[in-house]
Amino acid sequence: MTALKVYNTQSRQKETFKPIDPERITMYVCGPTVYNFIHIGNARPAVVFDVLFRVLKTLYSNVVYARNITDIDDKIIKAAAENNEAISEVSQRFAAEYEKDMQSLLVQRPSIVPYATDHVGDMIAMIQTLIDRGHAYVAEGHVLFDVKNMENFGALSNRSLEDMLEGARVEVAPYKKYAGDFVLWKPSQADIPGWDSPWGRGRPGWHIECSAMVEKHLGDTIDIHGGGRDLIFPHHENEMAQSCCAHGGKEYVRYWMHNGYINMDGEKMSKSLGNIKTVRGLLEKYSGEVLRFALLSAQYRSELDFSTQLLEQSKASLDSLYGALRKHKHIRPEVVDVKTTKSYEALLDDLNTPIALSHMHSIAHELNKDQEGAALARLKGELLSIGELMGVLQQEPDQWFQAGLPDSGLDAAKIEALIEERNQAKKDKNYARADEIRNDLKDQGIALEDSRDGTTWRKES
């Protein structure tokens, strides 16, 4: 078996994963800012790093995975004002909705889910350390990180200070020593949340939140830090800078991993184009397993074109995989070590999920052939073991095909009975009755598919 290899954003190459401590693997992934329902782009890192979490757990006995909730932010404050709600009501409601979406996408709960507001004391302590070490300064109630005070600032995004300022959303303020200095702490007016600090009542900047939560739960140096590519700069660049400086120059992250962007029908998702699709909205038509499959259909570092065509293809692929399992639902699967599978090898190669999925289809193809029971049991066990690692094929095939059946009293058992009646009608050369059954089922949204192995059914989209 080959070792796990991951692409490290900082070194810009694929590297063999070598943990700091094999007895405790640490991974942190940036979670949502909870002011609205998440869109499908927000869901991609959650699904991608869920797969990595599952793979790591096959290699190591103790994997500590933290994915945070940012529940204090100017976007939340703005949403609360627009809705005439308390800020805590907005953040708590959408944090709960985020968890619902994660369950729908079959994403396992991380080991730790830290909330930013529970760690303000830790943030204040880290900011004070940065001030004491000369990496931050106080100006007009703000505390700012002095980027010129750090020699290798820009190492993660591979940018010079001048490049970072060009096109970046940099707040120009007279109290800054340098335009690129970023906020660690800012003052709060009486009508917005604030905490007492040595620099006055205020609230933390976005970047310091993750640094403080990582330090609190995972340590000064961690194995893996993940997130979307859009976070490389400024968020992760700034996060790395303040953490390294707070810890006396210690390495902050061994392996930085970032997933690619999602486009909608060939165009970048943006509010201005009005093409942002929420997970909740997509779930009205497609199951969470279909969305998950679609998100895993491309290698995580590449851009993914999300479209109706992709979703329909993902639904059809799952129908095919579940269909192979349903064909042999009475066969007891053999217990198969997933580490012996080709799909596992693909996942060890920087989470190559498209190759892993293609191997799953190859197994399904073999399952559909006429084989002896022992071979079928092994193939079925192999397919299910890979499915568990990928977070798919986790329900009984009949459940999958019955989901979303029309409210006409039709269920899987009745459909199977009608198929048996149709088969008998064909044997009796009563083709009119056979066609009648097919057409009646089609009118109720059920498609029959005949093959030399028999007749299967699926719900039409």
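The first residue in the sequence is number 1, and the count goes up from there.
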Query raised in the report: With a distance cut-off below 6.0 Å to the six-membered ring centre and an angular limit of 45° from the axis, does Arg44 pair with Tyr300 as a cation-pi contact?
Result: no
Query raised in the report: What is the ring orientation for Tyr322 with Trp400, classed by angle as parallel under 30°, tilted 30 to 60°, or perpendicular over 60°?
Result: parallel
Query - Check: Thr70 side chain, Thr33 main-chain N or O, donor-acceptor pair, under 3.5 Å - result: no
Query raised in the report: Does Glu82 come within less than 4.0 Å of Lys78, counting only side-chain N to carboxylate O?
Result: yes
Query - Any side-chain heavy-atom pair of Leu218 and Val64 under 4.5 Å - result: yes
Report task. Please say whether the positively charged group of Lys177, taken as NZ for Lys or CZ for Arg, lies over the ring of Tyr137, i.e. under 6.0 angstrom from the six-membered ring centre and within 45 degrees of the axis. Result -> yes
Query raised in the report: Do Phe94 and Tyr35 have their ring centres less than 6.0 Å from each other?
Result: no
Query raised in the report: Do the side chains of Leu4 and Thr16 get nearer than 4.5 Å, heavy atoms only?
Result: no
Query raised in the report: Would you say Tyr252 and Val214 make side-chain contact, with heavy atoms under 4.5 Å?
Result: yes
Report task. Please work out which of the three classes, parallel, tilted or perpendicular, describes the rings of Phe17 and Tyr60, given edges at 30° and 60°. Result -> perpendicular
Requested in this report: Assess whether side-chain hydrogen bond (donor to acceptor under 3.5 Å, both in side chains) is satisfied between Tyr7 and Glu15, documenting all intermediate values.
Outcome: CA-CA 6 Å; Tyr7 184 88; Glu15 300 177 6; over 6 Å; no
Query raised in the report: Does Phe53 have Lys57 sitting over its ring (NZ/CZ under 6.0 Å from centre, angle to axis within 45°)?
Result: yes
**Report entry** Sequence neighbours excluded - ring pair (Phe, Tyr, Trp, His ring centres under 6.0 Å) pairs with any residue from residues 185-212
**Finding:** Phe182-His207, Trp185-Trp199, Trp206-His235, His207-His235
Query raised in the report: Does the side chain of Lys5 pick up a donor-acceptor pair with the side chain of Gln13 at under 3.5 Å?
Result: no
Requested in this report: Report yes if some heavy atom in the side chain of Pro193 is under 4.5 Å from a heavy atom in the side chain of Arg203; otherwise report no.
Outcome: no
Query - Pairs satisfying ring pair (Phe, Tyr, Trp, His ring centres under 6.0 Å), at least one member in residues 210-231, at least two apart - result: Tyr28-His225, His119-His217, His225-His236, His225-Trp256
Query - Cationic N near anionic O, under 4.0 Å, Glu97 to Lys100 - result: yes
Query raised in the report: Between Ser302 and Ala298, is there a donor-acceptor pair closer than 3.5 Å when you use the side chain of the first and the backbone of the second?
Result: no
Query - Test item: Met264 and His39 side chains (from C-beta on) under 4.5 Å apart, heavy atoms - result: no
